[in-house]
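For reference, the structure is listed below as structure tokens.
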2 protein chains.
Amino acid sequence: MDTLETRELRYFVAVAEELHFGRAAERLGMAQPPLSRAIQQLERRLGVTLLDRDRRGVSLTGAGEVLLYEGRAALDATSAAARRTRRAGGVDHPDRLVLAVKAAGSHELVQRLLDAHAAQPDAAELEVLPCGICEQEELLRDGRADAALMHAPFNNLAGFDSEALMSEGQIAVVPTGHPLATRPALTLAEVADVPGLPIARWPRDGVYPPGPGPEARDLTQLAQLIALGRTLAVVPDSARAWLWADHTAVPLTDAPPVVTHIAWPAHSRSRALAALVRTATQL
Amino acid sequence: MDTLETRELRYFVAVAEELHFGRAAERLGMAQPPLSRAIQQLERRLGVTLLDRDRRGVSLTGAGEVLLYEGRAALDATSAAARRTRRAGGVDHPDRLVLAVKAAGSHELVQRLLDAHAAQPDAAELEVLPCGICEQEELLRDGRADAALMHAPFNNLAGFDSEALMSEGQIAVVPTGHPLATRPALTLAEVADVPGLPIARWPRDGVYPPGPGPEARDLTQLAQLIALGRTLAVVPDSARAWLWADHTAVPLTDAPPVVTHIAWPAHSRSRALAALVRTATQL
DNA sequence: TCGGGTGATACCGCCAGGGTATGACAGGGC
DNA sequence: GCCCTGTCATACCCTGGCGGTATCACCCGA
């Protein structure tokens with residue numbers, strides 16, 4: 001049983017994502033024929049059909065979907081190996097940690113963590129890597145970050161080690177001037193089906209959940225959509241920090257609490273990371 | 001930043017494990033010079049020294065240890081991708097699950113799980129893969145198994161999704177005829193330092209914990225050591241099933257409970273696996 | 001019917017990766 | 001001190017695999 005080469009996985013993932021040999025080849029910086037041949041060889045070696053080439057396009061078979069998912073994980077693990085090795089032996093301080101923090105997250109908790117960490121006598125250098133709404137998991141998996149602040153249940157903690165740091169309620173952010181903005185408190189049921197004000201959606205595990213609300217890629221988009229009176233958002237209490245003048249926050253009485261965790265790759269054996277986690281849990 | 005090739009990782013892991021270029025080359029089925037060159041190229045590309053070649057042997061640098069650990073994880077992920085893809089598209093039934101079960105585990109729970117699973121109307125084919133004392137984690141990681149029964153705190157559940165299935169106390173297994181065998185119950189403190197009867201040790205995460213007791217690789221070795229009066233063992237209550245006539249079980253009043261989990265690779269999206277887990281949790 | 005677009009095939013050239021032979025160097029036995 | 005042994009590095013060659021170009025086969029829509 002011969003093992004898959006990284007190159008083959010890269011090629012297949014590109015084709016599976018593009019569903020088009022020409023575009024995939026372009027993305028890979030190569031010509032289309034060798035790419036076609038490489039995929040055929042891969043299918044032969046695995047003894048499995050990965051792609052259905054009907055007329056009018058390419059589509060994934062069941063096995064192809066499995067390989068897309070597992071192959072991405074393997075490629076992430078491979079680049080994590082390279083990155084972490086480089087960092088471990090780099091000229092810069094080997095005790096250097098990268099903490100991925102959602103740019104929209106609570107500034108206050110991060111500040112307290114940074115201060116407490118810096119106060120440690122033998123603190124490792126700590127770099128903060130701001131990231132998008134649900135990007136932390138990818139950063140941890142492919143080694144660009146050593147730890148991340150995640151927010152259950154929005155982030156998926158499966159596959160990582162983690163410790164809970166704090167818990168908070170949620171609020172509804174509605175356009176100032178909307179009738180709901182005058183209410184002292186709301187329930188999830190009350191904000192679920194407001195005519196003309198559907199709940200905004202943002203990516204979870206890379207895809208947007210279904211629903212009528214508009215899609216927001218980052219916080220600025222979301223804030224603008226709210227200010228324009230197009231949507232309302234359900235967000236953690238600490239999000240009050242970034243509210244605009246055109247936003248009004250209304251507490252939700254029955255929303256599930258949002259738990260902020262510090263998460264890191266499972267089985268990590270770094271002493272510097274262990275120290276950071278200890279500091280975080282003692283905040 | 002060019003990506004590492006599977007081949008390079010295989011080569012490095014072989015050298016790092018053997019700490020000897022010649023033996024590693026033999027294991028890889030190749031000659032030593034190209035292996036030396038490949039490792040040099042790898043070090044150049046990473047910009048990091050991985051191995052210290054002093055006279056009289058090769059040793060790992062810090063970066064080398066990181067790459068050994070991360071590289072193994074990446075290789076596991078790669079072979080898992082190949083295995084799961086083959087299985088997903090294989091000629092055999094695609095809805096086929098492999099469950100890793102410690103050969104020394106409770107037969108009764110496994111039997112109940114198998115029966116309940118078989119009773120499901122659309123049950124996937126379920127293969128039981130017996131394995132050694134702490135082998136489940138490796139089997140899950142490299143794709144040879146889809147799920148495993150694990151026993152916290154003996155197995156490390158980090159990096160997997162899991163659900164607890166049952167909890168049980170622990171017993172001390174002592175040679176029949178030993179003074180302790182007459183006691184109705186014992187505490188951990190009482191069995192910790194019995195003169196002439198040290199507690200047996202078995203591998204955890206691949207290495208034996210330190211201690212005076214003899215090392216046991218599998219259950220038969222352990223059972224024999226106890227029967228010979230050379231050691232005592234602290235094991236879950238369900239281990240009564242495999243006791244010999246020369247063994248006596250004594251309940252431990254203060255041992256931490258052993259929790260049996262069903263565990264599976266994080267983020268798995270297989271419907272067949274989800275059904276198995278549901279069945280297991282409803283036992 | 002023809003042109004555009006897709007993936008597959010044919011064929012070629014190059015170089016990366018592997019093999020063999022040998023070197024450099026340290027340690028141990030006598 | 002000498003030589004032998006064991007180890008990894010270097011030098012050199014050669015082959016096969018990978019990628020490139022040109023082209024085909026096929027399906028569509030105009």
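A note on names: the letters A, B, ... follow the listed sequences, proteins ahead of strands, and every chain is numbered from 1.
Closest approach of Leu46(A) and Thr85(B) over heavy atoms only: CD1-CG2, 4.0 Å. What you find for Leu140(A) and Ala263(A) is that their closest heavy atoms are CD1-O, 3.8 Å.
Whole-Å rounding puts the Gln32(B) CD to dG18(C) C1' distance at 13 Å.
For dG18(C), one of the phosphate oxygens OP1 or OP2 lies less than 4.0 angstrom from a side-chain nitrogen or oxygen of Arg7(B). One finds no side-chain N or O of Arg37(A) lying less than 4.0 angstrom from the OP1 or OP2 phosphate oxygen of dT9(C). For dC8(D), the OP1/OP2 oxygens have a side-chain nitrogen or oxygen of His20(B) closer than 4.0 Å. For Ser36(A) and dG7(C), the shortest distance from a side-chain N or O to OP1 or OP2 is not below 4.0 Å.
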Please determine whether salt bridge (Lys or Arg N to Asp or Glu O under 4.0 Å) holds for the pair Glu70(A) and Arg87(B), giving the CA-CA distance in whole Å, both sets of side-chain angles, and the decisive distance to 0.1 Å. CA-CA 13 Å; Glu70(A) 300 278 341; Arg87(B) 288 246 313 281; over 6 Å; no
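Residue-level contact check: Gln40(B) touches the backbone only, with heavy atoms under 4.0 Å from sugar-phosphate atoms and none from bases. Contacts of Gln41(A) with the nucleic acid, taken as non-hydrogen atoms under 4.0 Å apart, involve only primed sugar atoms and P, OP1 or OP2.
Of the candidates dA8(C), dG19(D), dC8(D), the closest approach to any side-chain atom of Phe21(B) belongs to dC8(D). Here the nucleotide nearest the side chain of Pro33(A), chosen from dG18(C), dT21(D), dA9(D), is dT21(D). Looking at the side chain of Val58(A), the nearest of the listed nucleotides dA22(D), dG18(C), dG7(C) is dG7(C).
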